[in-house]
J.: 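My questions will all concern the structure given below.
Remember, predicted model here, so these are calculated numbers, not experimental data. Just so you know, these numbers use all the heavy atoms, side chains as well, and skip hydrogens, waters and symmetry mates.
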Amino acid sequence: MTRRNNMIIYKTDAEVAMMKEAALLVSKTLTQVATELKPGMNTLQIDELCSTFIKDHKAVSSFLNYRGYPFTICASVNDVVVHGFPDKTPLKDGDIVSIDMGVILNGWHGDHAYTFIIGEAAPQAIQLVKITKESLYKGIEKAIINNRIGDIAYAIQEHTEIKNGYGVVRELVGHGLGRSLHEDPQMPNYGKRGSGPKLKENLVLAIEPMINLGTKDVYTEDDGWTVRTRDGKVSVHFEHDVCVKRNQALILSDYSIIEAAEKANANLNTSYIL
Ligand code: MF3
Ligand code: CO
């Protein structure tokens, strides 16, 4: 989709506070997932769990029916990059599972994602998870006023592609977030320092590195959604909702509660988390 960068909507502090509630509801839902995940479970069961949890918290799914998307979550396992359909395939030891979810709470969208490692996984896959998560925080460090979108983008690309030789997906990008799931500006995970729209206070961005172990090339399945790596190698996806501030970005979503649940779940591999 072509977007102009003169459509950026800056939020008031009160609106940012409401967006934090929406982002936190996603974090809390993903915390439930972190508690329940185990080999043998399937991603349709995770979809059910998430759908029930957000209903119980008076929110609705941002994704369900969005351009015809048929589920509450995207469940992207192993070589699925993003937008995987939940299904009945049992998860197994070594699977790398990204769960992406959006909610609308009091009119505001929260949209974020986390990648889980089931049991014993390949060291290369675990390292990819670690570096991708780190790259998200490297990007977030640049989400301060007077920097540009390209500064965030480059920080992510530098850590993943330039320093570690991973593939940064080009076809899919992060985005502004607010009363709509996708607002301007686009937030690529690759780019040039000093390029793109200048960041101003209270721009809310969904920053979402999608990083492949091998080639950056991807394709979309015939279902019109499921994006897979061309070479069949694993891909990892993390996403935070972030508000641009003067000295340090404000992260609206919260990984600490997810990580605490993950560490308490013996079925998940958290060896890479410091
Ligand atoms: N985080 C993804 C995005 O921003 C999820 C969208 S899935 C969809 O594009 F179903 F809503 F399209
Ligand atoms: Co998103």
Side-chain angles (χ1 to χ4, degrees), residues 20-57 59 61-63 71-78 80-87 89-103 105 110-122 125-137 140 206-211 234-242 251-274:
K20 189 174 174 68
E21 291 303 311
L24 276 181
L25 179 55
V26 178
S27 308
K28 287 174 194 164
T29 313
L30 293 175
T31 301
Q32 287 301 117
V33 174
T35 302
E36 305 271 326
L37 256 185
K38 59 177 183 212
M41 191 176 187
N42 68 53
T43 50
L44 215 44
Q45 293 170 310
I46 300 173
D47 190 78
E48 185 65 39
L49 182 162
C50 293
S51 155
T52 303
F53 192 86
I54 66 175
K55 265 181 218 143
D56 289 348
H57 290 81
S61 170
S62 305
F63 294 2
F71 296 97
T72 295
I73 63 168
C74 300
S76 304
V77 182
N78 298 332
V80 178
V81 179
V82 285
H83 304 166
F85 285 177
D87 68 19
T89 313
L91 292 169
K92 57 184 193 311
D93 230 38
D95 280 347
I96 306 294
V97 185
S98 152
I99 304 295
D100 189 357
M101 200 189 75
V103 301
L105 184 63
D111 166 27
H112 84 99
Y114 195 89
T115 293
F116 300 96
I117 307 168
I118 316 270
E120 289 305 311
I126 297 171
Q127 182 69 5
L128 177 67
V129 172
K130 174 173 185 278
I131 298 293
T132 303
K133 194 196 261 183
E134 283 174 3
S135 79
L136 173 55
Y137 287 98
I140 292 170
I207 306 179
E208 47 182 319
M210 291 155 265
I211 309 298
V234 63
S235 181
V236 170
H237 176 220
F238 282 95
E239 180 176 17
H240 258 318
D241 300 337
V242 172
I251 307 178
L252 305 180
S253 31
D254 183 2
Y255 279 177
S256 70
I257 55 176
I258 303 170
E259 285 171 350
E262 207 185 8
K263 285 178 184 164
N265 182 342
N267 299 301
L268 300 178
N269 188 322
T270 56
S271 60
Y272 77 98
I273 302 173
L274 296 175

J.: For residues Ile126 and Ser271, determine if any side-chain heavy atom of one lies less than 4.5 Å from a side-chain heavy atom of the other.
T.: yes

J.: Where is the tightest heavy-atom contact between Ala121 and Ile96, given as atom of each residue plus distance?
T.: CB-CD1, 4.1 Å

J.: Treating Thr43 as the side-chain partner and Asp87 as the backbone partner, does any N or O pair qualify as donor plus acceptor under 3.5 Å?
T.: yes

J.: Give the C-alpha distance, both sets of side-chain angles, the deciding distance and a yes or no for side-chain contact (heavy atoms from CB on, under 4.5 Å) between Ser27 and Tyr255.
T.: CA-CA 7 Å; Ser27 308; Tyr255 279 177; 5.9 Å; no

J.: Rounded to the nearest 0.5 Å, how far apart are OG of Ser235 and CG of Asn78?
T.: 10.0 Å

J.: Are the side chains of His237 and Thr132 in contact, using a 4.5 Å heavy-atom criterion?
T.: no

J.: Which pair of heavy atoms, one from Ser51 and one from Thr72, lies closest together, and at what distance?
T.: CB-OG1, 3.6 Å

J.: In terms of ring plane angle, is the pair Phe85 and Phe71 parallel, tilted or perpendicular, where the classes change at 30° and 60°?
T.: tilted

J.: Nearest heavy-atom pair of Gly119 and Asn269: which atoms, and what distance?
T.: O-CB, 3.1 Å

J.: Between the side chain of Asn265 and the main-chain N/O of Leu37, is any donor-acceptor distance below 3.5 Å?
T.: yes

J.: Taking all non-hydrogen atoms of both residues into account, name the closest pair between Val81 and Met210 and its distance.
T.: CG1-CB, 4.0 Å

J.: Is there side-chain contact between Val129 and Tyr272, with at least one heavy-atom pair below 4.5 Å?
T.: yes

J.: Has Asp241 got a side-chain atom pairing as donor or acceptor with Asp111's backbone, closer than 3.5 angstrom?
T.: yes

J.: Return yes if some donor-acceptor pair links the side-chain N/O of Ser76 with the main-chain N/O of Gly84 below 3.5 Å, else return no.
T.: yes

J.: Counting only heavy atoms not in Lys263, do more than 12 sit closer than 6.0 Å to its NZ atom?
T.: yes

J.: If you measure from CG on Asp56 to CD on Gln32, what distance do you get to the nearest 0.5 Å?
T.: 10.0 Å

J.: Are side-chain heavy atoms of Ile46 and Leu91 found at a separation under 4.5 Å?
T.: yes

J.: Suppose we screen for salt bridge (Lys or Arg N to Asp or Glu O under 4.0 Å). Which residues come up paired with Lys133, at least two apart in sequence or across chains?
T.: Glu259

J.: Using the salt bridge (charged side-chain N to carboxylate O under 4.0 Å, His left out) rule, collect all pairs that involve residues 22-45, keeping only residues at least two apart or in two chains.
T.: none

J.: Rounded to the nearest 0.5 Å, how far does OH of Tyr114 lie from CD1 of Ile99?
T.: 12.5 Å

J.: Side chains of Ile131 and Ile211, heavy atoms from C-beta outward: is any pair under 4.5 Å?
T.: no

J.: Looking at every heavy atom in both Ser62 and Gly110, which two are closest together, and how far apart are they?
T.: OG-O, 3.9 Å

J.: Name the orientation class of the two ring planes belonging to His112 and His240 (parallel below 30°, tilted from 30 to 60°, perpendicular beyond 60°).
T.: parallel

J.: Can you list the steps and then say if Leu252 with Leu24 is a side-chain contact (heavy atoms from CB on, under 4.5 Å)?
T.: CA-CA 7 Å; Leu252 305 180; Leu24 276 181; over 6 Å; no

J.: Could you walk me through whether Ile118 and Val97 pass side-chain contact (heavy atoms from CB on, under 4.5 Å), step by step?
T.: CA-CA 8 Å; Ile118 316 270; Val97 185; 4.0 Å; yes

J.: Out of curiosity, Ile258 CD1 to Leu30 CG, how far, rounded to the nearest 0.5 Å?
T.: 4.5 Å

J.: Start with the C-alpha gap between Ile273 and Glu262, add the side-chain angles, then the distance that decides, and say whether side-chain contact (heavy atoms from CB on, under 4.5 Å) holds.
T.: CA-CA 10 Å; Ile273 302 173; Glu262 207 185 8; 3.2 Å; yes

J.: Distance check, rounded to the nearest 0.5 Å: Leu128 atom CG versus Ile117 atom CD1?
T.: 9.0 Å

J.: What are the two closest non-hydrogen atoms of Asp93 and Glu120, and how far apart are they?
T.: OD2-N, 3.5 Å

J.: Kindly compute the distance separating CD1 (Ile54) from OG (Ser61), expressed to the nearest 0.5 Å.
T.: 5.0 Å

J.: Side chains of Tyr137 and Phe238, heavy atoms from C-beta outward: is any pair under 4.5 Å?
T.: no

J.: Examine distances only and state if a side-chain atom of Asp95 and a backbone atom of Lys92 form a donor-acceptor pair shorter than 3.5 Å.
T.: yes

J.: Between the side chain of Asn42 and the main-chain N/O of Leu44, is any donor-acceptor distance below 3.5 Å?
T.: yes

